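These numbers come from a predicted model, not from an experiment.
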Amino acid sequence: MGAVVVAESLTKHFGSLVAVDDLSFQLEPGTITGFLGPNGAGKTTTLRMMLGLATPTSGRALVFEQPYAQLDSPALRVGAVLEATDFHPGRSGRDHLRTLSRAVGVPDSRVDEVLALVELQDAARRRVKGYSLGMRQRLGLAAALLGEPELLVLDEPANGLDPEGVRWLREFLRTFASQGRTVLISSHVLAEVAQTVDQVLIISRGQLVVESSLEQLTARVSGSVRVRAADVATLRQALADAELSCTPANDSALLVHGATSERVGEIAFAAGVPLHELVTEGTSLEEIFLELTAQAPS
């Protein structure tokens, strides 16, 4: 089986506004991809084009090697949650799902199965207007799962979930992907999906900034060593002699790159330089995310 989703030079203009600009990527079976970017970056517009809800100005998106609209029974192959508010408030959760199941030709028995999957069985007979935002997120996910899809597309799925709900969602999606199925999660917060995804697509201002595995992105989180010394000039020279680069920080400290704190301490000791401070500073994934999106072309 080839790629589950292929986006080829996807572009979308709204008048003079370029919402998505020449965006290309692909999703492989059995993967969980984080589709990331600040609010307004073009994520939802991209998902809408992928799902046939918006027409690209140019380029195309293929799902299972076809435009979404040309798939046979697309609701049975693709499950999507783009809004958690598309519910009739007077209906119960079960009735909402039964209405959808009949529309796509799924038996009523599947409704109770998906309610159990998302752990909403105890609230199935309650009216949706009484559901919390987190419960509505779960109900939306249950609707997406009715057809036992091979591809799951979720827009900000952690919104409204408490920490326990986020853990539950993470475990659910990992199990889903372990069965050879594919997940695309859109989020503007990297930290929400960093423990869930295998790979990341980061966009800003409608353009692709990064497409990589999470492992590769994590490798960029290289800590630096912060050091303050009585004799900064001598320490700087000793570090240079050891072929280590450093940059000045505030309060007369140095940030040493590509070395452990132990190595820096050994160099300072050998040079006879007393140290006042020696700590390792790390860069978080979230900081890298903010840096990448801030540097995206305008």
Problem set entry | Residue Arg127 excluded, over 12 heavy atoms near CZ under 6.0 Å | no

Exercise. More than 12 foreign heavy atoms under 6.0 Å from CD of Glu164: is that the case here?
Worked result: no

Do [X] and [Y] have a side chain donor and acceptor closer than 3.5 Å?
{"X": "Ser213", "Y": "Gln199", "result": "no"}
{"X": "Ser186", "Y": "Asp155", "result": "yes"}
{"X": "Thr31", "Y": "Asp198", "result": "no"}
{"X": "Gln121", "Y": "Glu119", "result": "no"}

[Y]/[X] salt bridge by N-O under 4.0 Å criterion:
{"X": "Asp95", "Y": "Arg125", "result": "no"}
{"X": "Glu171", "Y": "Arg174", "result": "no"}
{"X": "Glu150", "Y": "Arg181", "result": "no"}

What about [X] and [Y], same hydrophobic cluster or not, with Ile/Leu/Val/Met/Phe/Trp/Tyr joined at side-chain heavy-atom distances under 4.5 Å?
{"X": "Val6", "Y": "Val78", "answer": "no"}
{"X": "Leu120", "Y": "Val166", "answer": "yes"}
{"X": "Leu244", "Y": "Phe269", "answer": "no"}
{"X": "Val279", "Y": "Leu255", "answer": "no"}
{"X": "Leu151", "Y": "Val106", "answer": "no"}

Exercise. Which heavy-atom pair separates Met49 from Thr11 by the least distance, and what is that distance?
Worked result: SD-O, 4.1 Å

Seminar exercise, completed: What one should report as the nearest heavy-atom pair of Val189 and Leu36 is O-CD2, 4.4 Å

Exercise. Do Arg102 and Asp108 pass the salt bridge (charged side-chain N to carboxylate O under 4.0 Å, His left out) test, and can you show the C-alpha distance, the side-chain angles, and the key distance before you say yes or no?
Worked result: CA-CA 8 Å; Arg102 289 164 186 170; Asp108 284 352; 2.8 Å; yes

Problem set entry | Aromatic ring pairing Phe25/Phe35, orientation class (parallel under 30°, perpendicular over 60°, tilted between) | tilted

Problem set entry | side chain to side chain contact (heavy atoms under 4.5 Å, CB included) between Leu17 and His13, worked out | CA-CA 6 Å; Leu17 173 67; His13 296 176; over 6 Å; no

For this session: Have a look at Glu156 and tell me which of Lys43, His188, Gln137 forms a side chain to side chain donor-acceptor pair (under 3.5 Å) with it.
Result: His188

